[in-house]
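All chains are named by letter (A, B, ...) in the order of the sequence lines, taking the proteins before the strands, and each is independently numbered beginning at 1.
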Number of protein chains: 2
Amino acid sequence: MAGIRDVARLAGVSQATASRALSGKGSVSARAREAVTAAASELGFVMSYHASSLASGRSHNIGVVLPFVNRWYFATLLEGANSALMDAGYDLTLYDFQGDRYRESVLGDFLLRKRLDGVLAVSLQLNAHETEQILAAGIPVVGVGGPLPGIPTLRIDDVEVGRRATNHLISLGHSRVAHLGGEHEYGRNFEISSGRRAGYEDAMAEAGLPLRAAWSLISGYSANEAYRETKHLLADAAERPTAIFCASDEMAIGAMLAARDLGLRIPEELSVIGVDGHEMGEILGLTTIDQFPRNQGTRAVERLLTLVQGDGDAVEPADELMETRLVVRSSTSAPRIPAGQPGS
Amino acid sequence: MAGIRDVARLAGVSQATASRALSGKGSVSARAREAVTAAASELGFVMSYHASSLASGRSHNIGVVLPFVNRWYFATLLEGANSALMDAGYDLTLYDFQGDRYRESVLGDFLLRKRLDGVLAVSLQLNAHETEQILAAGIPVVGVGGPLPGIPTLRIDDVEVGRRATNHLISLGHSRVAHLGGEHEYGRNFEISSGRRAGYEDAMAEAGLPLRAAWSLISGYSANEAYRETKHLLADAAERPTAIFCASDEMAIGAMLAARDLGLRIPEELSVIGVDGHEMGEILGLTTIDQFPRNQGTRAVERLLTLVQGDGDAVEPADELMETRLVVRSSTSAPRIPAGQPGS
DNA sequence: CCAGAAAATGGAACGGCTTCCATCCAGTAT
DNA sequence: ATACTGGATGGAAGCCGTTCCATTTTCTGG
């Protein structure tokens, strides 16, 4: 296996010049550069990643930490991040907490091995100790979703999202509006779930509408869990809401299926709105607040890379608010409760 | 930042002994080991990943190559692989082709940087040149899905899967059975799609049933694409099949939604069966051939790690057939075509 | 044509750990 | 007690680029 030494020898230059020519840093004459390039390709030279990293301290490797690869939002954000990283020539090391199963080992061991140039932390909330630990490693970190104190973050205004979704329903004429929120475990998703819930409650209060405890549910973010909760919610016809705001599209999908299985027509008997912009929303006719997760992934990487490559004196705004968009489809409409059903 | 030198000095042993004590390789007395461990934790020593890799040639890092992170099957397989790798103390570097967008750069650049101990190639078909290239890098590779010549592979019997799914429908009394197959692009998924299609055709032929060109469709693996194809397929009532075998659960979901949107009841007017074991199948009542993708991921990692860690003389069987299971739910039943519809 | 600045280049010192090899020592068999 | 064996240990040579620094070459302007 040819090393840079061999390349230098064949090109008739020093190892130092060969290194400069190949990395593009430092000044090298055109003639030398060509000689080196030619020698390298002739020998089929591939630079040793480890040697290069050891010597330069840079690994061209970004860690992405997220709670689930298996949820659409995260997978899509990951895809965006992956794109941006590939384009920049970086590798992506994936750390999937799988709930909280690997939280400790990731935070405690993996992230500290000094093998990453930067970390993207998605929907992750750190306690003081963890924040300190990760910052002590001296690695640039960018967060997505939920403020991480001391760390630049990309997020959407979850309160506003909740308010907007709820207001959409209210403006259609609904007064019996339920909310199916995501569970907010300590250290994960907390701000997101509670923000959207707060938006819901705000909007209801502003419209002078009652908040019923029975209409305020919590479930996991998956369609299956939401399905179960929704079936429960809709079981009692007398207490049935006419609209439901779900904290994610996957939950909304579960809710729609539950409603259909109970024989309720959407949107006539139940309006459903979600959040995310799930690709299946299109064929389901799901009204949603799109948050463009793919775009969040690429944007987060952009910011992270400026930190990684930056001179350190680039003063970035600590927080960046990402765009969302209400996409109205056929899962929401004015309430049209069939005869025989109780009115509001 | 403390180095192993400092640890050794504090523990009163040589650097060599400290290294052995920390890595567990070579023989070290209990006393020395304890001294080193204590010194290490006192200094908050974290080993330099790059230095270690450079010296040992081992990176404790596995690359996972797949065509989409964003499809349920792949995300779930990835989750399984991630689990197994975390448990073994390995990092996971993700290479998402995103269709074919990054195929070349992954295969040409990223994989060759000698920074991986092994590669897991999922649903990937390599041409001779690519195979040669990747094997020349001297990295152990394990494939999942579709045979890769010269590379140990994990797969399911796709022909058998197609046959079993189709026979399930036939045994329920269907004779008008359509197949919605995945697109098989060169280099990706080829064997999978064509295997399942072959199984379908076999089963139909064995049962003496006609194969109509109009009932043999191709679509992308996503629900959205399948939705469109299925709507097309079902548009003409006279030519309508009574059952449809979809090459993936996501496609089956699209098909179910298309049928519902056309006012067709499932399973009365259309039976649907998929492949994968998608978690949403439960709430959709989707009959499927479960292939336990999470398990495939962990098993693939197991095999890969034995190759990576192995003495090289472990003769593994080149191919391993993974288990599948028919899960019957409510999306399939005997055909019960309502009055007014044309019979078979 | 020359001083001075900028560009190009080579030597060599790292970066931080692993591992080969030689040495030493305690335990065991004779 | 002696020879032998295998465990424990330290010295030092890598692993393979990057980059600092000093030196040489080339270019610019006066």
Report task. Specify the residues of residues 24-43 of chain B, ordered by number, for which at least one heavy atom lies under 4.0 angstrom from an atom of DNA chain D. Result -> B:Ser27, B:Val28, B:Ser29, B:Ala32

For [range], which residue pairs qualify under salt bridge (charged side-chain N to carboxylate O under 4.0 Å, His left out), counting only residues two or more places apart or in two chains?
range	answer
residues 70-82 of chain A	A:Arg71-A:Glu250, A:Arg71-B:Glu279, A:Glu79-A:Arg294
residues 9-22 of chain B	B:Asp6-B:Arg9
residues 138-152 of chain B	none

Query raised in the report: At under 4.0 Å between heavy atoms, what does A:Phe45 touch on the DNA or RNA strands: base, sugar-phosphate, or nothing?
Result: sugar-phosphate

Query raised in the report: Any side-chain heavy-atom pair from A:Tyr95 and A:Val64 closer than 4.5 angstrom?
Result: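 No, every pair of side-chain atoms sits at 4.5 Å or beyond.
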
side-chain contact (heavy atoms from CB on, under 4.5 Å) against [X], all qualifying residues, sequence neighbours excluded:
X	value
A:Ser14	A:Ala16, A:Thr17
A:Ala81	A:Leu120, A:Val301
B:Ala75	A:Asn70

Between [atom2] of [N] and [atom1] of [X], the distance in whole Å:
X	N	atom1	atom2	result
B:Leu22	D:dA8	CG	C1'	16 Å
A:Ile4	D:dC16	CD1	P	12 Å
B:Met47	C:dG15	CE	C1'	15 Å

Report task. Could you verify whether a donor N or O on one side chain and an acceptor N or O on the other, from A:Ser83 and B:Gln98, lie under 3.5 Å apart? Result ->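 The answer is yes; a qualifying pair exists.
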
Query raised in the report: So, is A:Ser48 close to the D:dG17 phosphate, meaning a side-chain N or O under 4.0 Å from OP1 or OP2?
Result: no

Query raised in the report: What do you reckon, is CZ of B:Arg101 surrounded by more than 12 foreign heavy atoms closer than 6.0 Å?
Result: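 Yes, the 6.0 Å shell around CZ holds more than 12 heavy atoms from other groups.
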
Please produce a list of atom pairs where a protein N or O lies less than 3.5 Å from an N or O of nucleotides 10-12 of chain D.
from	atom 1	to	atom 2	distance (Å)
D:dG10	OP2	B:Ser14	N	2.8
D:dG10	OP2	B:Ser14	OG	3.0
D:dG10	OP2	B:Thr17	OG1	2.8
D:dG10	O6	B:Arg20	NH2	2.5

Between protein and nucleotides 24-29 of chain C, what N or O pairs are separated by less than 3.5 Å?
none

Query raised in the report: Which residues within residues 50-61 of chain A lie with some heavy atom under 4.0 Å of an atom in DNA chain C?
Result: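 The answer is A:Ala51, A:Leu54, A:Ala55.
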
Query raised in the report: Does a salt bridge link B:Glu320 with B:Arg299, judged by any charged N lying under 4.0 Å from a carboxylate O?
Result: yes

Query raised in the report: Parallel, tilted or perpendicular: which describes the rings of B:Phe68 and B:Phe74, with under 30° parallel and over 60° perpendicular?
Result: tilted

Report task. For A:Gln15, check side-chain hydrogen bond (donor to acceptor under 3.5 Å, both in side chains) against everything at least two apart and list the hits. Result ->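 A:Gln15 satisfies side-chain hydrogen bond (donor to acceptor under 3.5 Å, both in side chains) with no residue once adjacent residues are dropped.
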
Requested in this report: Check ring-ring contact (aromatic ring centres under 6.0 Å, His included) between B:Tyr102 and all other residues, then give those that pass, not counting sequence neighbours.
Outcome: none

